[in-house]
Amino acid sequence: MSISFLIIAVLIVGSTAAAMGLRNPIHCVLTLSITFGGIAALFLQLGAEFVGLTQIMVYVGAVAILAVFAIMMTQSRRGLMLGTFSRNALVGLLTAVAVFSVLGWAVLSQPVAGVTAAVSPVSVQQIGSSLMHEYVLPLELIGLLLTAALIGAIVIAMERKEDTE
Amino acid sequence: MTQTPDQVFVILKHWLLGYVPTSVHAIASAVLSILPLMVVFPLLFAITTLLERKGLGRIQNRLGPNRTGPMGLWQPLADGIKSLTKEDIVPFTADHIVHFLAPVLLVVAAFLAYAVLPVGRNMALVNLNAGVLFFFAVGSVVELAVFMAGWSSRSKYSMLGAMRAIAQMISYEVPLVLASVVVIMQAGSLSTVDIVERQATYTGIFPHWYVFTPWGFLGFILFMIAATAESNRSPFDLPEGESEIIAGYYIEYSGFKFALFFLGEYLGMFATSGIAITLFLGGWSAPLSVLTFIPSWAWFFLKLLTLICMFIWVRGTLPRLRMDQLMNFAWEFILPMALFNMVIAGLWRFMNPGAVRWFVCAFLILVPMFVLSALLKRKKKLQLRTYSFAE
Amino acid sequence: MTGLQAYLLLSSLLFAIGLAGALTRRNAILVLIGIELMLNAANINFIAFWHYGPATTYITGVMFAIFSISVAAAEAAVGLAIIVAAYRHSHTIDLDSMNSLKG
């Protein structure tokens, strides 16, 4: 556990809590992008350069922007801000606390040391060649999925000319 | 012997590092590498603003700035002092924190992009294994900064400008990345340093720049079009079109923050030009093998200045596009061509080297280009401009 | 606490916060974001286990994280599209008032 890990961890937890607790949805998304950046920093620290940079590109560059657009497009006509938390928020919060305590207990009770061998960062060439050999089927499937998602998202969100109200 | 002027900055850095105690060696090395970049590129920004105003003036048949100093040379300095001493106005309803953070994030992201640019032999700040990816990842952060600026100002004009800017940047980011994929396919590496090394070899006196191949040429053109759109420059300057939405997303900024936006925009333009040079124009390598006695960094900045002049020329020449023309152009012409270019680059890799390969690939690029543009012209998606002048 | 455990603890905390957000927020978009956070927490686990695993030459963890990021991107696109469509239908994205199946 290094100082940099502690700093990043505090940043991630703080910004995530803000993202899930703030009132204004735009603020939520902006703090969320800090979380995404922090997670990318964690990946870089662990030697997974490619994944960290992909994380920034996909989440900060695409998902956060998409969420912001969606918020802009769905601003309610009756009053901007709806209630922040749902009626049965307490149940949800208790569930989350219970999940965290179970997970934390599981992590801490098992002394998984892990092997701290000399870590060689994974190179892009390595990722590329295994994508083309062992993981070629998942790669094709992901391509199919992304195409389907692209078309599906357009079809779902497209405004129909004759809206059957 | 000829290596000395080429490596003068590297040698200088090592000489300076000799005077630093070893305990702070790592930090001193980083500072000595970063500081020149933080000085040179803003300086280039100052020069470019003058060059742009002078050049645009010349294109538009006027003189441009000529009052401050000899031939208006002190104009950037005067502009800088003016923006520093102006009042910093924050709108009453603005979201103060986000309003403050937006220009900072923009400039930081713009500076970060320089980390992977090899401005000379052995002169890249870091040689990341995934350097090109780093560049695009940092570039995508700019979109968020633009949104923050536009949204936090609570002004309709800035919001509209930000929405236009983001829509445009997302649409053109896809062809930007796809156009550079061909180079990565050929070089077999994402590291910017490696990509330049691959191009810095010569057959006879001619270099192996990727722009001299059919797919590289098409890729370069597509890349530069997308880069113009990405840096919100004319003819793609809808997000800040003065006659439509005044100044776009940074309309509510004044004083130094406005200057930061200006700086960030120009730094972004230099960075994308720099990556275009790295990917297609051979980075720091000389255009002819007999010219290698000129230092590598000089070549890089010469190429950069050439591209900047090209940007200024384009800005002075082409009128602004309409929003629907902009989107149609991106999705129906540039994107298919970039995808097709990837197929050609793959074909190039598996054909025997020689003139036949060159002509086959060039032919295969030209045919779909003409077919596509004729098709789009018939569907009235892309049209030649018609001008109607006032009597 | 070992290094691996620190990462696992961080990711489970992130997972729990995401879950709490997904269960308690009323804004449908933020619920979706909570789910994205849970996916991200899982990604931290993959990378941490890869890093502390027997040999870093087995890059299964990294590959899984890459695929998971792609799936999450697809999920976000479709999810947000559904929310926009739902908003167009019922003029709200308040999950508490979206309580009727009838159109």
Side-chain angles (χ1 to χ4, degrees), chain A residues 1 5 9 12-13 16-17 19-20 25 28 32 39 42-43 46-48 51 54-55 58 62-63 66-67 70-71 73-74 76-77 82-87 89 92-93 95-96 99-100 103-104 107-108 112-116 119-120 122 126-127 130 135 138 142 145-146 149 152-153 156-157, chain C residues 1-6 8-10 12-21 23-27 29-30 33-34 36-37 40 43-44 47-48 50-56 59 62-63 65-67 69-71 73-74 76-78 80-85 87-88 91-96:
Chain A
M1 271 230 298
F5 171 74
I12 289 179
V13 172
T16 315
M20 290 289 100
C28 294
L32 183 82
I39 293 172
L42 271 191
F43 290 166
L46 286 173
V51 184
T54 313
Q55 166 93 12
V58 171
V63 173
L66 205 64
I71 290 171
M73 286 164 86
T74 56
S76 182
R77 278 164 219 174
L82 22 118
T84 314
F85 295 109
S86 101
R87 261 176 256 118
L93 204 64
T95 318
V99 166
F100 177 65
L103 283 176
V107 167
L108 289 178
V112 273
V115 191
T116 38
V119 175
S120 59
V122 61
Q126 228 175 319
I127 292 177
S130 50
Y135 297 95
I142 283 286
L145 176 77
L146 284 176
I156 293 169
Chain C
M1 194 154 59
T2 59
L4 179 58
Q5 273 176 325
L8 295 184
L9 211 60
L10 174 67
S12 43
L13 187 57
L14 206 58
F15 185 86
I17 297 175
L19 182 67
L23 290 178
T24 59
R25 293 300 297 233
R26 279 172 79 165
N27 190 328
I29 294 169
L30 291 172
I33 283 172
E36 290 287 334
L37 275 174
N40 261 296
N43 278 353
I44 294 182
I47 298 290
W50 162 76
H51 181 88
Y52 290 100
T56 44
I59 56 170
V62 174
M63 302 310 295
I66 291 173
F67 287 126
I69 287 177
S70 337
V71 172
V78 176
L80 288 171
I82 291 174
I83 291 171
V84 169
Y87 172 76
R88 204 166 278 144
H91 300 299
T92 181
I93 48 166
D94 184 350
L95 289 178
D96 278 8

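We name chains A, B, ... by the order of the sequence lines, and we start the count at 1 in each one. Atom set for the values below is all heavy atoms of this structure, side chains included, hydrogens, waters and symmetry mates excluded.
Put simply, the side chain of A:Pro138 does not reach to within 4.5 Å of the side chain of C:Met63, judged on heavy atoms. Between C:Leu14 and A:Ile12, some side-chain heavy-atom pair lies under the 4.5 Å cut-off.
For a residue to count as touching a neighbouring chain, one of its non-hydrogen atoms must lie under 4.5 Å from one of that chain's; by this rule A:Leu32 touches chain C with the side chain only. In this structure, the portion of C:Ile29 lying under 4.5 Å from any heavy atom of chain A is its side chain and not its backbone. The parts of A:Ala9 that come within reach of chain C are both its backbone and its side chain, each placing non-hydrogen atoms under 4.5 angstrom from that chain. Only the side chain of A:Val99 comes within contact range of chain C, with at least one heavy atom under 4.5 Å from a heavy atom of that chain.
Separation of atoms CE (A:Met73) and CG (C:Leu80) is listed at 10.0 Å; rounding is to 0.5 Å. To the nearest 0.5 Å, atoms CD1 (C:Ile59) and OG (A:Ser130) are separated by 3.0 Å. Rounding to the nearest 0.5 angstrom, the gap separating the CD1 atom in C:Ile66 from the CD1 atom in A:Ile127 is 4.0 Å. Note: C:Leu30 CG to A:Ile71 CD1 = 6.0 Å, rounded to the nearest 0.5 Å.
Summarising the geometry of A:Phe100 relative to C:Leu9, their closest heavy-atom pair is CE1-O, 4.1 Å, with the distance given to 0.1 Å. What you find for C:Thr24 and A:Leu93 is that their closest heavy atoms are CG2-N, 3.8 Å. Closest heavy-atom contact between C:Tyr52 and A:Leu46: CE1-CD2, 4.4 Å. Pairing each heavy atom of A:Val58 with each of C:Ala73, the nearest pair is CG1-CB, 3.8 Å.
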Item to check | Derivation and outcome, side-chain contact (heavy atoms from CB on, under 4.5 Å), residues C:Ile47 and A:Val51 | outcome: CA-CA 9 Å; C:Ile47 298 290; A:Val51 184; 4.1 Å; yes
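Listed by chain and number, the residues in a side chain to side chain contact (heavy atoms under 4.5 Å, CB included) with A:Ala157 are C:Ala81 (sequence neighbours excluded).
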